[in-house]
Novice: 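Okay, here's the structure, questions in a sec.
The sequence lines fix the lettering, A, B, ..., with proteins before strands; numbering per chain opens at 1.
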Amino acid sequence: MEYNFKKIEKKWQNFWDENHTFEAKTGDKSKEPYYVLVEFPYPSGSGLHVGHVRSYTAQDAIARMKRMQGFNVLYPMGWDAFGAPAEQYAIKNHIHPKEAVKENIKTFKGQMKNLGFSFDWSREFSTTDPEYYKWTQWQFLQFYKHGMAYKDTIPVNWCPTCKSVLSNEDAAGGVCERCGSSVLQKEKAQWMLRMSDYSEDLLKGLDDTNFAEKVKLGQINWIGKSTGVEVDISLVGGGKFSIFTTCIETIYGITFFVVAPDGKLIKEWMPRVENKEEVQTYIEATAKKSNMDRTELNKDKSGVEVKGIKAINPVNGSEVPIYLGDFVLGDYGTGAVMAVPSHDQRDFEYATKHHLEIIEVISGGDVSKQAYEKKDYLHNPESRLVASAEFSGMSVMEAKKAITKELVNRGIAREVNNYKMRDWIFSRQRFWGEPIPMIHCEKCGWQPMKEEDLPLLLPDVAEYEPTENGESPLANITEWVNTTCPSCGGAAKRETDTMPNWAGSSWYFLRFMDAHNKEEFASMEAMKYWNRVDWYNGGMEHTARHLLYARFWVQFLYKIGLVPNKEMIWTRVSHGMVLGSNNEKMSKSKGNVINPDDVIKEYGADTLRVYEMFMGDYQQDAPWSTDSLKGCKRFIDKIIRLKDKIGTGSGYSRELETLIHKSIKKVEYDLTHLAFNTVVSTLMILANAYDDQKEITKEEYRVLLILLNPLAPHVTEELNELIGYEPICKSVWPKYEESKCVETELAIGVQVNGKLRGTIQIRVDEEEVSVKEKALKQENVAKFIEGKEIVKVIVVPKKIVNIVIKG
RNA sequence: GCCUGUGUGGCGGAAUUGGUAGACGCGCUGGACUCAAAAUCCAGUAUUAGCAAUAAUGUGUGGGUUCGAGUCCCACCACAGGCACCA
């Protein structure tokens, strides 16, 4: 057969379309549901990346196998199309971003069709569809109505040149990604979601998932739980504040306190401060510094003393000075710390710079040189408390408990948990996002829109320039902004901020379960049927945040009774990047970008798919190699040639039977264990074995086609049709028999003192005595043991023989 | 600094519980077919020595456990990614 992949691929893609082969029926009780999900892409202007092809093919292979195994497979696709690039493009070209998005989606979809992915296109949607974002807005209103959304003034990244608020990603390194200016902090009122309320639930929920261990760790680190004690500290002359510490055992070593310059405490104290000007200057200087500057000043522990206010150490009554220092963060813990320079390196550096006292309270280090920190003294069983009144002489763990107990009994301390994870900043000052359905009325304050008025559509205008003061471009569109208050009916203004990119992607997997529902975001019935996402794949870069946001969103919906499970994603795996042939990330500037369209044109989609699965460990990055790609083309050519070897026989021949059964078992196992590269090598081995035979049977040929079908669906369907079978997509996955997976004869190694000296042929069930005898007689082995004393002979069944000799 | 991952031929990478290291593919070398080329097929290909059988060395480095270590333990080095003053 001539391999006209263009014709073959088109033919089968049309066949699948016309027959609605991959459309999943919700509620089909005759089959077990199985939900395979891959992160839906942002349809950028540059088209599908070969990296997309890698993960989509992997999930496609799983989906195709599962279908043949009798599962009702849901493998959907859609578009995460809100975002800054489309907006930038719109500003430059004066067209509505939805036009650009429409074009890009068309391109992406065409490319995906050309690759033969078995997506259920009947469920396709874009996060930018009003029918979809209506429900994103509706869910925001649920957050609001349950007290989970609030407006707060917080510092944001501000680019003075672009006059725009930047996300942390766009402000990485303290410079604006677009223009390179230094990013400043600016106070702005933002919508927030109370994600921190869910810290503990998000941590615990991980036990109800099957995420890869490193994915779980990523979540755990991001949540950043730490357990410690919050202690009330009284001020001389009245008033008090609290500090949070994980090292209560060092409390006798306090020589000063440090409070955050951006925190609320210092504002409160201001009237009592004696050196107001100095303090104010420092607060302002901190505000001007970007996050990055603050980090860079790491070595330089800047700060000023807050004069006129002194604190009292609750354990010994001593008066202690208070300082401002920007190494203390206003939004973590209580925004104030007890400083123990003897046992905390940051405090040590601060004390050294500002000439403050250092008192050792735990023995074992040399605190004149550096702090003797928790990470060291906890591992030193010799360390004891010193200079700590009645606690002196105790071990660290004893003291921790005793001091905590004492302070808790006195009613001035509480054991608490703190989390690094903050509330979710949900506002973006951009045009191209879901409008936040809130209305501000002078009389009634913030009012939610009426649910029946949703969706709140983005207006059709031609200008998307940001405003001078950093408001969203929507603020310029007065006819859109001005509205009436849903409560009193008076004049009111709409919120002009939009939602972040993460919003639409936080629940899209629920929508796929019931994509066309006009009454609800998805019906409970449909969600109960599909139950959850069984297998979710995406890039490692999304495993922390996207996954956390999505889990938070789902847990909230669960709490208010709108989804059936607390966790709606069972297995989450991640894939490595496809790098350029020079082993660097593909980028236009480096000129190492491979366009999948070009590859499909020259080698066909099946070759590209097989190659991307073969290129390396799926979870690891792998460089592109056109030479290796050609090797995969040769493999497919070989599969085609093998058809001519089909003879008149039937069933599996004695020569091939074991290998076939083993191959079915391995392909099945590897496809669900992320070992796609060895799926390909297994099939190459099988094909090579067929090639060694004079002739093969139809059944043998067909089993190879079915096993290869998940990776190369077009050519295998074509060959399958040519030999007269019903389409593979309507067929049943072959079954292997465990008993037929083992060879009856095998060659095992014989070692002498652990070194391989020869091999022997044995029957699989050969008795140990006989194996031992064969091993000792083996020609080369005999040379090594001649005249030596044999200490023992270790026979590992079906694996190896090791002869231990002396002398 | 912390967390995570990775170090195996010329290259991408195999090696499911410790049991014949280098499967499979690429590349390379030689040969067949051809006027020639492409395609295809055959043989070889970790390193060193040898015509060969074979031997020695060999999975980032140094130790250890074991009859036996790429795999387990301890210490370290390099690279990649993420987080970064979190009290």
Side-chain angles (χ1 to χ4, degrees), chain A residues 213-215 217-218 220-222 224-226 228 243-247 250 258 260 291-292 294-295 297-299 301 325-329 331-340 344-347 349-350 374-375 418-422 540-541 543-544 576-577 581 583 585 610-611 614-617 619-632 634-635 637-638 641 666 669-670 673 675 677-685 687-688 691 746-760 779-780 783 791-805:
Chain A
E213 210 46 45
K214 66 173 177 179
V215 173
L217 273 168
I220 290 168
N221 288 339
W222 197 274
K225 178 177 182 173
S226 62
I243 57 101
F244 172 73
T245 180
T246 57
C247 311
T250 62
V258 186
N291 291 334
M292 190 33 92
R294 233 166 122 159
T295 312
L297 289 175
N298 207 342
K299 299 128 216 156
K301 286 281 180 294
D326 66 6
F327 77 91
V328 177
L329 308 171
D331 60 352
Y332 179 78
T334 62
V337 299
M338 63 178 211
V340 183
D344 182 286
Q345 191 57 29
R346 290 158 307 175
D347 299 347
E349 284 163 20
Y350 196 93
K374 178 170 64 178
K375 66 176 170 20
N418 260 305
Y419 303 88
K420 284 192 211 176
M421 191 175 73
R422 312 289 153 88
M540 200 54 211
E541 70 276 19
T543 50
M577 275 188 294
S581 52
N583 241 308
K585 210 171 157 169
V610 169
Y611 168 61
F614 186 57
M615 69 195 313
D617 181 340
Q619 295 187 77
Q620 226 61 58
D621 294 350
W624 182 267
S625 159
T626 301
D627 276 335
S628 285
L629 174 81
K630 286 178 191 164
C632 294
R634 263 177 238 163
F635 169 58
D637 287 338
K638 180 182 264 178
R641 276 201 313 277
K666 186 155 174 61
Y669 182 91
D670 285 356
H673 288 80
N677 52 343
T678 49
V679 169
V680 180
S681 66
T682 300
L683 295 175
M684 284 173 169
I685 291 167
N688 289 344
D691 207 20
L746 53 136
I748 63 166
V750 182
Q751 300 179 327
V752 178
N753 282 354
K755 286 202 170 175
L756 187 72
R757 296 303 177 187
T759 56
I760 52 171
E779 202 183 341
N780 200 44
K783 279 198 298 198
V791 181
K792 59 175 161 177
V793 180
I794 294 153
V795 179
V796 183
K798 291 183 263 183
K799 299 271 188 194
I800 208 162
V801 180
N802 191 10
I803 301 162
V804 186
I805 57 168

Novice: Taking for each residue the nucleotide of RNA chain B bearing the nearest heavy atom, is the 5' side occupied by A:Ser681 or by A:Asn677?
Specialist: A:Asn677

Novice: Nearest to the side chain of A:Asn780 - B:G13, B:G25, B:A55?
Specialist: B:A55

Novice: Take atom C1' in B:G44 and the same atom in B:G10, then report the distance between them in whole Å.
Specialist: 16 Å

Novice: Pick base, sugar-phosphate or nothing for A:Thr759, based on heavy-atom distances below 4.0 Å to the nucleic acid.
Specialist: base

Novice: To the side chain of A:Lys799, which of B:U17, B:G25, B:U20 is closest?
Specialist: B:U17

Novice: Would you say A:Tyr332 and A:Ser226 are linked by a side-chain donor-acceptor pair, where the criterion is simply a distance under 3.5 Å?
Specialist: yes

Novice: A:Asn418 has an atom CG; how far is it from atom P of B:A87, in whole Å?
Specialist: 8 Å

Novice: For A:Lys638 and for A:Thr682, find the nucleotide of RNA chain B with the closest heavy atom, then tell me which residue's nucleotide is more 5'.
Specialist: A:Thr682

Novice: Can you tell me which nucleotide in B:C24, B:C86, B:G19 comes closest to the side chain of A:Phe614?
Specialist: B:C24

Novice: Provide, to the nearest angstrom, the distance between the NZ atom belonging to A:Lys630 and the C1' atom belonging to B:G12.
Specialist: 16 Å

Novice: For B:G27, take OP1 and OP2 only and decide whether either is under 4.0 Å from a side-chain N or O of A:Arg634.
Specialist: yes

Novice: What integer number of Å spans the P atoms of B:A21 and B:U54?
Specialist: 14 Å

Novice: Quick check: closest heavy atoms across A:Asp347 and A:Met338, and the distance to 0.1 Å?
Specialist: OD2-O, 3.7 Å

Novice: Mind checking the C1' distance from B:C83 to B:G62? Whole angstroms is fine.
Specialist: 31 Å

Novice: Given B:G19, B:A87, B:C85, which nucleotide is nearest the side-chain atoms of A:Lys301?
Specialist: B:C85

Novice: Quote, to the nearest angstrom, the P distance that separates B:G60 from B:A53.
Specialist: 28 Å

Novice: Can you find an N or O donor on one side and an acceptor on the other, under 3.5 Å apart, linking the side chain of A:Asn802 with the base of B:C67?
Specialist: yes

Novice: Let's see if you can work this out: which of B:A23, B:C85, B:A87 has an atom nearest to the side-chain heavy atoms of A:Asp326?
Specialist: B:C85

Novice: Under 4.0 Å between a side-chain N/O of A:Ser226 and OP1 or OP2 of B:A87, yes or no?
Specialist: yes

Novice: For A:Lys638 and A:Asn688, which I'm curious about, is there any donor-acceptor pair between the side chains at under 3.5 Å?
Specialist: yes

Novice: For A:Asp617 and B:U6, what is the distance between atoms CG and P respectively, to the nearest whole Å?
Specialist: 8 Å

Novice: Between A:Asp617 and A:Gln619, is there a side-chain heavy-atom distance shorter than 4.5 Å?
Specialist: yes

Novice: Rounding to an integer number of angstrom, what distance separates B:G68 and B:G19 when you compare their P atoms?
Specialist: 15 Å

Novice: Separation of A:Ile800 atom CD1 from B:G18 atom P, in whole Å?
Specialist: 14 Å

Novice: Rounded to the nearest Å, what distance is computed from the CG atom of residue A:Asp691 to the C1' atom of nucleotide B:U40?
Specialist: 11 Å

Novice: For B:G58 and B:G31, measure between their P atoms and round to the nearest Å.
Specialist: 36 Å

Novice: Below 4.0 angstrom from OP1 or OP2 of B:U20, is there any side-chain N or O of A:Arg757?
Specialist: no

Novice: Identify which nucleotide among B:U16, B:C26, B:C86 has an atom closest to any side-chain atom of A:Ser628, counting heavy atoms from C-beta outward.
Specialist: B:C26

Novice: Answer syn or anti for B:G9, where the cut-off is 90° from 0 on the glycosidic torsion.
Specialist: syn

Novice: Just the rounded figure in Å: distance from P of B:G58 to CG of A:Leu756.
Specialist: 16 Å

Novice: State which of B:C67, B:U6, B:C86 makes the closest approach to the side chain of A:Gln620.
Specialist: B:U6

Novice: Taking atom P of B:G7 as reference, at what distance in whole Å does atom CG of A:Asp621 sit?
Specialist: 13 Å

Novice: Compare the minimum distances between each of B:U4, B:C83, B:A87 and the side chain of A:Trp222, then state the nucleotide with the smallest one.
Specialist: B:C83

Novice: Please pick, from B:U20, B:U40, B:A14, the nucleotide with the shortest atom-to-atom distance to any side-chain atom of A:Arg641.
Specialist: B:U40

Novice: Which value, in whole Å, describes the distance between the C1' atoms of nucleotides B:C86 and B:G12?
Specialist: 42 Å

Novice: Checking contacts here: which listed nucleotide (B:U16, B:A87, B:G19) is nearest the side-chain heavy atoms of A:Tyr669?
Specialist: B:U16

Novice: What interatomic distance, in whole Å, is found between C1' of B:A43 and the corresponding atom of B:A49?
Specialist: 23 Å

Novice: Can a side chain N or O of A:Tyr419 be found less than 4.0 Å away from OP1 or OP2 on B:C86?
Specialist: no

Novice: I want to check one thing: is the phosphate of B:G68, taken as OP1 and OP2, less than 4.0 Å away from some side-chain N or O of A:Lys792?
Specialist: no

Novice: Within this structure, what is the CD-to-P distance between A:Gln345 and B:C2, rounded to whole angstrom?
Specialist: 13 Å

